[in-house]
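Here is the structure we will look at.
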Amino acid sequence: MDSKKVYLTKTVLYGGKHHPPGSDHDWPEDIVDELIDKGAGKPVMDVRAGENEEQEAKKREELLWAASKAAEDGDVTGSGAPTVAAMEKILGYGVTGAERDEAWETLKQEQGSDA
């Protein structure tokens, strides 16, 4: 089956995982066409310059907020970092370990802490 690249404009549940707006994915053509028809995505070539950066900045802010909230609620690992599961529950979409780590490091730097 052929695939197409799609830029998500809404959160999409696909393959048992939530995918946030602002992300792009290479999925089966029929899935991508359906997402575009329903207004949940755009063909990657139709994305205007700067739109992806705006979405990424928004996502970074959401990740920072979720990391802060999870840590505040005590949903942390042994090292004190917020758990990925807690951040996913707060945000309602999937978070990678790398995204959590980046958000946690940013928060520690902003707080001037080595927590």
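In what follows, residues are counted from 1 in the order of the sequence shown. These numbers were taken from a predicted model, which means no experiment stands behind them. Below, all heavy atoms of this structure are taken into account, side chains as well, without hydrogens, waters or symmetry copies.
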Practice item. Please list, chain by chain and in numerical order, all residues satisfying side-chain contact (heavy atoms from CB on, under 4.5 Å) with D101, sequence neighbours excluded. Key: none

**Study point:** Residues forming a side-chain contact (heavy atoms from CB on, under 4.5 Å) with A85, sequence neighbours excluded
**Key:** T83

**Study point:** Path from I90 to L64 over hydrophobic side-chain contacts below 4.5 Å
**Key:** no

Practice item. Examine V76 and W104 and state if one hydrophobic cluster contains both, with Ile, Leu, Val, Met, Phe, Trp and Tyr joined whenever side-chain heavy atoms are less than 4.5 Å apart. Key: no

For the atom pair [atom1] ([X]) and [atom2] ([Y]), what is the distance rounded to the nearest 0.5 Å?
{"X": "H25", "Y": "S3", "atom1": "NE2", "atom2": "OG", "result": "13.5 Å"}
{"X": "L107", "Y": "E102", "atom1": "CG", "atom2": "CD", "result": "11.0 Å"}
{"X": "I36", "Y": "L8", "atom1": "CD1", "atom2": "CG", "result": "10.0 Å"}
{"X": "Y14", "Y": "L35", "atom1": "OH", "atom2": "CG", "result": "9.0 Å"}
{"X": "D33", "Y": "K4", "atom1": "CG", "atom2": "NZ", "result": "3.5 Å"}

Practice item. Run the salt-bridge test on K5 and D26 with the 4.0 Å N-O cut-off and return the result as yes or no. Key: no

Check your understanding: Between S23 and P20, is there a donor-acceptor pair closer than 3.5 Å when you use the side chain of the first and the backbone of the second?
Key -> yes

**Study point:** T9 side chain vs G22 backbone, donor-acceptor pair below 3.5 Å
**Key:** no

**Study point:** Heavy-atom pair of closest approach, residues H18 and T11
**Key:** CD2-CG2, 3.9 Å

Revision key, fill the gap. For L91 and L63, the nearest pair of non-hydrogen atoms, with its separation, is CD1-CD2, 3.8 Å

Revision key, fill the gap. Contacts satisfying salt bridge (Lys or Arg N to Asp or Glu O under 4.0 Å) that involve residues 85-100 (not counting sequence neighbours) are K59-E99

Exercise for review: Only pairs at least two apart or in different chains count here, so list each salt bridge (Lys or Arg N to Asp or Glu O under 4.0 Å) that has a residue in residues 67-87.
Suggested key: K69-D73

Check your understanding: In chain order, what residues pass the salt bridge (charged side-chain N to carboxylate O under 4.0 Å, His left out) check against E105, with sequence neighbours excluded?
Key -> K108

Review point. Do the non-hydrogen side-chain atoms of P82 and M87 ever get within less than 4.5 Å of each other?
Key: yes

Check your understanding: Which one of W27, Y93, Y7 satisfies the ring pair (Phe, Tyr, Trp, His ring centres under 6.0 Å) criterion with H19?
Key -> W27

Check your understanding: What residues join L13 in its hydrophobic cluster, counting side-chain heavy atom gaps under 4.5 Å, either direct or through other members?
Key -> none

